[in-house]
Amino acid sequence: MKTIPNIFSLLILALAPVITVAQGGIINDNMEMTNDYEPNLSDMDKPLVALPGTGVKAEQRSFEYDEIEVQANTDYEPLNPKIQKPQKEKWRPLKNNFLKIGYGRFVTPFAQLHLASGRNTSGRVGLDFSHFSSSNGFVDYAEFREDRGGIKGEYYTKTNTLKGHFNLDNVNYFY
């Protein structure tokens, strides 16, 4: 029973183009389609290159001014201020030595040590050391060690300053 509707639908699909294309079919040949014209930029004329002259000519005139000297007499006389020499700022004593030790996140110990001789007329010397490391804890492959150290020095002569420093950096990553 289902074959009759299928045959009927195939017959309609096969005859539909024949009915619409054949002469005198459903579609009429004399159909006319129109649209309103809307101008766009490509339809515009080229603008004028030079504007037509207006006939107005510019003239330059020299200006002349009369100078008048004006004086105002007042009772005010400025004081002669005495400029004071600024006072020298007293320097705070420098901290020559510094030590910092602690623990960071994930059991990461760190230490910093700074030693210095302070201000001196003949020169100065200093020592720096820092350590930072991490062990395998919560994060895989996060073990590392970072050591930095250095010695610095200066020697003053009458005309020159001799400076020197030696630094050592040791960084290890353990995978």
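In this text, all values refer to a predicted model and were calculated from it rather than measured experimentally.
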Phe132/Phe144 aromatic ring centres below 6.0 Å: yes
Tyr156, OH atom: more than 12 neighbouring heavy atoms under 6.0 Å: yes
Heavy-atom closest pair, residues Ser117 and Gly123: OG-O, 4.5 Å
Sub-4.5 Å side-chain heavy-atom contact between Arg145 and Tyr173: no
Side chain to side chain, Glu69 and Glu67, heavy atoms closer than 4.5 Å: no
Spacing of Leu168 atom CG and Asp147 atom CG [to the nearest 0.5 Å]: 8.5 Å
Value rounded to 0.5 Å, distance of NZ in Lys158 from OG1 in Thr161: 14.5 Å
Pairwise distance CD1(Ile101) to CZ(Phe110) - rounded to 0.5 angstrom: 9.5 Å
His114 vs Lys100 side-chain heavy atoms within contact, under 4.5 Å: no
Hphob cluster co-occupancy, Tyr155 + Val125, side-chain heavy atoms under 4.5 angstrom: no
NZ/NE/NH1/NH2 to OD/OE distance under 4.0 Å, Glu59 and Arg61: no
Spacing of Ile151 atom CD1 and Leu127 atom CG [to the nearest 0.5 Å]: 6.0 Å
Working for side chain to side chain contact (heavy atoms under 4.5 Å, CB included), residues Leu113 and His131: CA-CA 9 Å; Leu113 174 66; His131 168 79; over 6 Å; no
Student check: side-chain heavy atoms of Gln112 and Phe98 closer than 4.5 Å: yes
Asp128/Lys152 under salt bridge (charged side-chain N to carboxylate O under 4.0 Å, His left out): CA gap, chis, key distance, verdict: CA-CA 8 Å; Asp128 293 330; Lys152 299 176 184 177; 3.6 Å; yes
